[in-house]
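Let me begin by presenting the structure, written as structure tokens, before commenting on it.
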Amino acid sequence: MILVTNNEGKVGCATTATGLRNGNHALDAIESGIRIVETDESVRTVGRGGFPNLVGTVQLDAGVMDGTTLRTGAVGAIEGFLHPVTIARQVLERLPHELLVGPGAERFAREIGAEAGENLIDDVRASWERWFDAEVPDDRRASWPDVPLADLCRHAIDPEVGRDTTVFLAIDAAGNTCAGTSTSGWGWKYPGRLGDSPIVGAGFYADSQYGACACTGAGEMTIRSGTARAVVAYMRFGADLREAVDAAIEDMARLKTGLISRVTLHAIDTRGHHRAVAINGTHNTYWYWDPTLEHPEERETEIVQVSPRTFESRAKP
Ligand code: ASP
């Protein structure tokens, strides 16, 4: 058994570890932990309390994968529901589909009786209003939000605006290797933008024969290079966990443009190894548990430098 979550998983990881210790399926343990993160308003990038998109609406993404059945469930750009991870899980359990978005995902959420609720909290609304007052040109205010938005997207890459995700990777006592994600995505994103967190193969992937990977940071990068699937596929073709993660980072460096310095990979293998690696990052931590530990431990994320010669960030002046 093993559990790895990113730093945002702090409030939920003990619940997941207890679930695993009690013999629960890894998907159940992951879902129960992520629900706690989604509830915690102090986590500004997941669930209630998350940052809104450009028009001030919180749109949430989440995904889960069962590495034994290789089934996934995900929802994207869903509004007005408190626990996207549970809706994603029910996509896996009840539908012949893997991903629902927008109004269709909301319809399904109502149909299964998912908890509805407002995810925009006052503090965060005030922060969006400050941005609106400072940045939205006067001539667009009268007809807001039915105005061109594309040029305002530059603010979605503003490093001052929070963005993150919670990612959970776990192997249970029966050897089921699973992954789960949940996020409000980038603050000030274009409405309808999906990051990698609901995209199987980009933001998360799990295979009970080899291991699992989930990513945080600029989802655009891991979508472009299929990062989570790549890590697991490289292990399938003989790489060890270290080599697999390094190879997936090299794949991303080959993209040349984009926000590579905003990506962190979390990965586990079925032999008990794990890595949490931030590309060109600053100090950060993740949470780790296995049955030798009474409680999950906070550990330091590894940082790898990807050469600026092989990578130019489009976001930098
Ligand atoms: N990966 C998330 C996204 O692209 C955000 C993040 O983890 O920073 O929506």
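Just follow the structure's listing: the first ligand is 1, and inside any ligand the first atom is 1. Worth saying up front: this structure is predicted, and the values here are computed from it rather than measured.
- For atom 7 (O) of ligand 1, the candidate residues are T264, V263, T165, V46; the nearest heavy-atom contact is made by T165.
- Residue I303 shares its hydrophobic cluster (ILVMFWY side chains chained together at separations under 4.5 Å) with no other residue.
- Residue contacts with ligand 1: R193 is included, with a non-hydrogen atom under 4.0 Å away.
- Close contacts between ligand 1 and G195 involve ligand atoms 3 (C), 4 (O), 9 (O) [criterion: under 4.0 Å to a heavy atom].
- At least one heavy atom of G217 lies less than 4.0 angstrom from ligand 1.
- Put simply, the residue from E298, H274, R275, E297 that forms a side chain to side chain donor-acceptor pair (under 3.5 Å) with Y286 is H274.
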Show your reasoning for whether side-chain hydrogen bond (donor to acceptor under 3.5 Å, both in side chains) applies to D207 and Y205. CA-CA 7 Å; D207 183 327; Y205 198 82; 5.1 Å; no

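- At a cut-off of 3.5 Å, with distance as the only test, a side-chain donor of N6 or E8 sits close to an acceptor on the other residue.
- The contact set between ligand 1 and T216, taken as ligand atoms under 4.0 Å from a residue heavy atom, comprises 7 (O).
- With contacts defined as side-chain heavy-atom distances shorter than 4.5 Å, the pair V263/M252 qualifies.
- Inclusion of D196 in the set of residues having an N or O under 3.5 Å from an N or O of ligand 1 is warranted.
- Note: an N/O pair closer than 3.5 Å links G219 and ligand 1 by distance alone.
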May I have the list of side-chain donor-acceptor pairs in residues 78-85 shorter than 3.5 Å, sequence neighbours left out?
{"unit_1": "E79", "atom_1": "OE2", "unit_2": "Q59", "atom_2": "NE2", "d": "2.9"}
{"unit_1": "H83", "atom_1": "ND1", "unit_2": "E38", "atom_2": "OE1", "d": "2.9"}

